[in-house]
> 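Take this structure, written in C-alpha cells, and hold onto it; I'll ask about it next.
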Amino acid sequence: MTITQGWQGRFFEDFGIGDVYQHPLGRTITETDNTWFTLLTMNTNQAHFNRQVGESSEFGRMLVVSPLTIAVAMGQSVIDTTQNAFANLGMEDLRLTAPVFAGDTIWSESIVLDKRESSSRPAAGIVTIRTRTLNQDGVEVLTFRRTFYVHKQGAAGAASQFPQAATPLALEQV
C-alpha cells in the first residue's frame, strides 16, 4: 500500500508571474449566510437583512453584505494561493464591481502579478496576486490585489502536522 499525500498547496517556488488559477469551488450565497454574517459583524444597514428595505431599494431585493463576498472570495483562493502562506501583508485596489444577491453562486480566479525573495525570511517569499470574483452569469462582482508571505519548499513552518496513526489504514476484508 502506498500513502499519497493530499494536495499540499503551492510554495513560493511554484508561483510564476502570469499564472492564472481558477479556484475549483463555487459557493452559492444563501439568505441565511447573508443575515448571519451581517448580524455577526454588527452591520446595521437594513438593506442586508430587512426584506422590506431591500425591496424598496433600487435593486428591488436585499443585497449580500460586501464583507461576506470578500471573505468567500478570499477563502476560495486559499487552495491555490495561500495554503502555505503564514501572513497576509495587504489588500489593495478592492473594488465591488456589481451587486451580489442571495441565491448567487460566486467563483474566483487569481493571477500572479509579482513574486520576490524575502530579505528578512530566507525560508519564505512574497507573492502578489489579483483575484476577481464572478457570479454564475460570468459578471465580475469583486476584484482586489493581495500580497502575502508564503513558505518555500522544505521550510520548517510548512511541515505537515498530520498525526501518525496508532494502526495503519488497510483495506477491509470482504
> Quick one, Thr41 with Phe37, criterion side-chain contact (heavy atoms from CB on, under 4.5 Å). Give me CA distance, side-chain angles, the key distance, then yes/no.
CA-CA 6 Å; Thr41 57; Phe37 197 88; 3.9 Å; yes
> How long is the span from the CG atom in Asn50 to the OG1 atom in Thr44, to the nearest 0.5 Å?
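Interatomic distance, Asn50 CG to Thr44 OG1, rounded to 0.5 Å: 12.0 Å.
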> Kindly determine whether Arg146 and Ser110 satisfy side-chain hydrogen bond (donor to acceptor under 3.5 Å, both in side chains), including the steps that lead there.
CA-CA 10 Å; Arg146 180 164 62 118; Ser110 299; over 6 Å; no
> Decide yes or no for Val150 and Arg10: does some side-chain heavy atom of the first lie under 4.5 Å from some side-chain heavy atom of the second?
no
> Are the side chains of Leu142 and Leu94 in contact, using a 4.5 Å heavy-atom criterion?
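The answer is yes; the side chains approach within 4.5 Å.
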> Looking at every non-hydrogen atom in both residues, tell me the closest pair between Ala98 and Glu140 and how far apart they are.
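That would be CB-O, 3.4 Å.
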> Using modelled atom types and a 3.5 Å cut-off, is there a donor and acceptor pairing between side-chain atoms of Gln153 and backbone atoms of Phe11?
no
> Mind listing the closest non-hydrogen atom pair of His23 and Thr81 along with its distance?
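Smallest interatomic distance, heavy atoms only, reads CE1-CG2, 4.0 Å.
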> I need the minimum non-hydrogen distance between Ala124 and Phe86, along with the two atoms involved.
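What the structure gives for the nearest pair is CB-CE2, 3.6 Å.
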> Do Tyr149 and Val112 belong together in a cluster built from hydrophobic side chains that touch within less than 4.5 Å?
no
> Please report the interatomic distance CD1(Ile70) to OG1(Thr131), rounded to the nearest 0.5 Å.
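Those atoms lie 12.0 Å apart.
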> Is there a side-chain hydrogen bond (donor to acceptor under 3.5 Å, both in side chains) between Ser108 and Gln76 once you walk through the steps?
CA-CA 6 Å; Ser108 295; Gln76 287 174 321; 2.7 Å; yes
> Side-chain contact test, heavy atoms from C-beta onward, threshold under 4.5 Å: evaluate it for Phe144 versus Arg130 and give yes or no.
no
> First locate atom CG of Leu134, then atom OG1 of Thr97, and finally report the distance between them rounded to the nearest 0.5 Å.
8.5 Å
> What is the distance from atom CG of Leu68 to atom CG of Leu63, rounded to the nearest 0.5 Å?
12.0 Å
> State, with a plain yes or no, whether a side-chain heavy atom of Ile29 is found less than 4.5 Å away from one of Val72.
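Contact flag for Ile29/Val72 side chains = yes.
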> Short question: side chain of Asp137, backbone of Val139 - any donor-acceptor pair under 3.5 Å?
no
> Please check this pair: side chain of Asn135 against backbone of Thr105, looking for a donor-acceptor N/O pair closer than 3.5 Å.
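Pair absent, no side-chain N/O of Asn135 close to backbone of Thr105.
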> CD1 of Ile129 to CG of Asp80: how many Å apart, nearest 0.5 Å?
9.5 Å
> Does any N or O in the side chain of Ser56 come within less than 3.5 Å of the main-chain N or O of Val53, such that one atom is a donor and the other an acceptor?
yes
> Do Val127 and Met74 land in one hydrophobic cluster if side-chain heavy atoms of ILVMFWY residues count as linked below 4.5 Å?
no
> Please report the C-alpha distance between Trp7 and Ile79 in whole Å, then the side-chain angles of each, then the deciding distance to 0.1 Å, and finally whether the side-chain contact (heavy atoms from CB on, under 4.5 Å) criterion is met.
CA-CA 9 Å; Trp7 172 245; Ile79 193 168; 3.8 Å; yes
> Tell me if a side-chain donor or acceptor on Thr30 pairs with a main-chain N or O of Asp33 at a distance below 3.5 Å.
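Side chain of Thr30 to backbone of Asp33: a pair is present.
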> Would you say the side chain of Leu40 lies within less than 4.5 Å of the side chain of Thr38, judging by non-hydrogen atoms?
no
> Are Tyr21 and Phe12 connected, step by step, through hydrophobic side chains (Ile, Leu, Val, Met, Phe, Trp, Tyr) whose heavy atoms are closer than 4.5 Å?
yes
> Have a look at Phe148 and tell me which of Thr128, Asn88, Asn84, Ile126 forms a side-chain contact (heavy atoms from CB on, under 4.5 Å) with it.
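Checked Thr128, Asn88, Asn84, Ile126 against Phe148; only one passes side-chain contact (heavy atoms from CB on, under 4.5 Å): Asn88.
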> To the closest 0.5 Å, what do you measure between CG (Asp14) and CD (Gln8)?
11.5 Å
> Identify whether Val65 and Leu96 are in the same connected component of the hydrophobic contact network (ILVMFWY, side-chain heavy atoms under 4.5 Å).
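Yes, because Val65 and Leu96 connect within a single hydrophobic cluster, where side-chain heavy atoms sit under 4.5 Å apart.
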> Scan for salt bridge (charged side-chain N to carboxylate O under 4.0 Å, His left out) pairs involving residues 87-109, sequence neighbours excluded, and state none if there are none.
Glu92-Arg145, Asp93-Arg145, Glu109-Arg132
> Check whether any side-chain heavy atom of Gln46 sits under 4.5 Å from a side-chain heavy atom of Met62, and report yes or no.
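No, every pair of side-chain atoms sits at 4.5 Å or beyond.
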> Counting distance only, does the side-chain N/O of Asp19 pair as donor-acceptor with the main-chain N or O of Gly16 below 3.5 Å?
yes
> I need the minimum non-hydrogen distance between Val141 and Pro99, along with the two atoms involved.
CG1-O, 4.1 Å
> Any chain of hydrophobic side-chain contacts (each under 4.5 Å) joining Leu89 to Met91?
no
> With sequence neighbours left out, write down each residue that passes salt bridge (charged side-chain N to carboxylate O under 4.0 Å, His left out) with Glu117, or none if nothing qualifies.
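Residues passing salt bridge (charged side-chain N to carboxylate O under 4.0 Å, His left out) with Glu117: Lys152.
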> Test: salt bridge (charged side-chain N to carboxylate O under 4.0 Å, His left out). Region: residues 44-57. Which pairs qualify, not counting sequence neighbours?
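Qualifying pairs: Glu31-Arg51.
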